[in-house]
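As structure tokens, the structure follows; a few thoughts come after it.
Within every chain, numbering begins at 1; the chains are lettered A, B, ... in the order of the sequence lines, protein sequences first and strands thereafter. Note: hydrogens, waters and symmetry copies are ignored here, and every other heavy atom, side chains too, is used.
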Protein chains: 2
Amino acid sequence: MDGTKLSANSGVALWRQIALALEEEIARGSLGPGARLPTEIELAKRFSVNRHTVRRAVASLSEAGKLRVEQGRGTFVPEEILHFPLTERTRFTQIVEDGRRHPHREILATEIVKADETIAANLQLRKGAKVLRIESLSFVDDRPISLSVSYFPAARFPDLGPAIGETLSVTEALRRYGIDDYRRKSTKITAQMPNQEQSRHLRLAPNRPLLQTEKVDIDLDGEPIEYGISGFAGDRVELTIDMERLTDHP
Amino acid sequence: MDGTKLSANSGVALWRQIALALEEEIARGSLGPGARLPTEIELAKRFSVNRHTVRRAVASLSEAGKLRVEQGRGTFVPEEILHFPLTERTRFTQIVEDGRRHPHREILATEIVKADETIAANLQLRKGAKVLRIESLSFVDDRPISLSVSYFPAARFPDLGPAIGETLSVTEALRRYGIDDYRRKSTKITAQMPNQEQSRHLRLAPNRPLLQTEKVDIDLDGEPIEYGISGFAGDRVELTIDMERLTDHP
DNA sequence: TAGAATTTGTTCGTATGTATG
DNA sequence: CCATACATACGAACAAATTCT
């Protein structure tokens, strides 16, 4: 039951020994990312100390970002954070493969709808024009990362829906229409709370935040190709903008 | 008590009439940004309809982003959103003045501390080196927008603390040390939930998300000047990255 | 900090009007 | 005229989140 021995009067405070013990369990992987720690009471029993002593250890690790405490839910090992570099040529599939990770996308729905004002403005269409709406869920190493809704001009890309369904890659599918290259025009970033659908798909506690991006991709002539809104699991991603490399073209 | 008349059998569904009435009140300003609507029961009484009918109207406006509903708290008119363009030369004071808004910064604390690993790495100092820590709260039009902690190398900028206290502008204060220009090297963006201090300072409900940015500013020789972490009230800001203008130097 | 009060969310059931074929 | 499907509207009860005392 125990396995970890603390030594009193060793010159190292008990709570520090506990913190070190927990840190080691995390490093060893016996407490993996996302894992929930035993309750404070259980830990206190296991280390044969008062609950306050455990709390002191947890507080220290929590300040250092090595644990995440949620009132009423428990204490958790923070999930591994994925770094998404935002560049003019951001591609989901590329981003992740660089880091020896395995990206994967699931298409949840494709349909033709009429553009509302926002969609029309971003795609430079008239309001009411037909657009292809694609809802998709992206995974990295089988962890859900983002839930996206994208809009494409339906007139310019007929049957893009099935094409994306086959290739599971926007980049690939667009090639069939002669788009060999495109680039990110703009990105807007906000923080939101997830709705029920989002927290379900992203397997996210409903009180955890969402990092929401709104982007417009354009072809080399500057014509808008895609307007997309993605919600990222806030705990699992960090968007990074490297101002120096941002517009370096290959 | 009433003031708004609904007409049955007019060919327009009751809930649509209610939605239009509420939308107009928002447009007129009698329901200003951030305002809380009467409860569903009160609205039902006022319009002499069932609570479901009110809910249908609110759901419609909520989907369109014109209302924000929070379980247990109420229904609110979304706050006006501030757009923060992220560029290589982002300056808080400049950003906002362009839009005829009034920025304002409050210094909460300045002290000399020793750099931990993260701070040292970002400022390219050795761990334990002295750094100036500045905690500040930024306002726009007297609304609290962001709570920031910044670190500067103390050796290079002695007495920067008082200088910023006087000028209330980092740009101004740095000029005293011969720094006429500096630029943003990188920005990292995450979504977090606020801690008690953050929600208090930002006057943010504790269940509303925080948009957190981590930035490094460098001088023209590439030497790190400032490492800063800012928490933005997620409801009140949107960060925008214009890929095309990002590195256009004046 | 424990429980009451408030407010929105969900799910039943019922009834009516309207468009379609 | 009938059958069906769908949107609209009302009523009641309970669940869940938040706030207040």
side-chain contact (heavy atoms from CB on, under 4.5 Å) with A/E166: which residues, sequence neighbours excluded?
A/R176

Please give, in whole Å, the distance from C/dT8 C1' to B/E42 CD?
13 Å

Residues that A/F152 engages under ring-ring contact (aromatic ring centres under 6.0 Å, His included), provided they are two or more places apart
none

Residues in side-chain contact (heavy atoms from CB on, under 4.5 Å) contact with A/E80, at least two apart in sequence or another chain:
A/R101, A/R143

Please report, rounded to the nearest Å, how far the P atom of D/dC10 is from the CG atom of B/L43.
14 Å

So, using side chain to side chain donor-acceptor pair (under 3.5 Å) as the criterion, who are the partners of B/E135 when residues are at least two apart?
B/R133

Which residues satisfy the side chain to side chain donor-acceptor pair (under 3.5 Å) test with B/S186, sequence neighbours excluded?
none

ring-ring contact (aromatic ring centres under 6.0 Å, His included) partners of A/F157, counting only residues at least two apart:
A/Y177

Integer-rounded Å distance: D/dA16 P and B/E70 CD
19 Å

Let me have a per-nucleotide readout for nucleotides 4-9 of chain D, 5' to 3', with B, S or -, counting only protein heavy atoms under 4.0 Å.
----SS

For nucleotides 19-21 of chain D, which of its nitrogen or oxygen atoms have a protein nitrogen or oxygen under 3.5 Å away, and what is each distance?
from: D/dT19; atom 1: OP1; to: B/R73; atom 2: NH1; distance (Å): 2.8

When B/L239 is tested against each of A/T213, A/T187, A/I189 for side-chain contact (heavy atoms from CB on, under 4.5 Å), which residue passes?
A/I189

Any side-chain N or O of B/R36 under 4.0 Å from OP1/OP2 of C/dT7?
yes

Who pairs with A/S148 by side chain to side chain donor-acceptor pair (under 3.5 Å), at least two apart in sequence or on another chain?
A/S230

Check nucleotides 11-20 of chain C for protein N or O atoms closer than 3.5 Å to its own N or O atoms and list the pairs.
from: C/dT11; atom 1: O4; to: B/H52; atom 2: NE2; distance (Å): 3.4

May I have the distance from B/E40 (atom CD) to D/dC14 (atom C1'), rounded to whole angstrom?
15 Å

Output the rounded distance in Å from CE (A/M193) to P (C/dT8).
18 Å

Show the atom names and distances, to 0.1 Å, of all donor-acceptor pairs under 3.5 Å that link a side chain in residues 52-59 of chain B to residues at least two apart or in another chain.
from: B/R55; atom 1: NH1; to: B/E40; atom 2: OE1; distance (Å): 3.4
from: B/R55; atom 1: NH1; to: B/E40; atom 2: OE2; distance (Å): 2.9

Sequence neighbours excluded, the answer for side chain to side chain donor-acceptor pair (under 3.5 Å) partners of B/Q198 is none

Distance (rounded to the nearest 0.5 Å) between A/T190 OG1 and A/Q212 CD:
4.5 Å

Starting at CZ of B/R51 and ending at P of D/dA13, how long is that distance when rounded to a whole Å?
14 Å

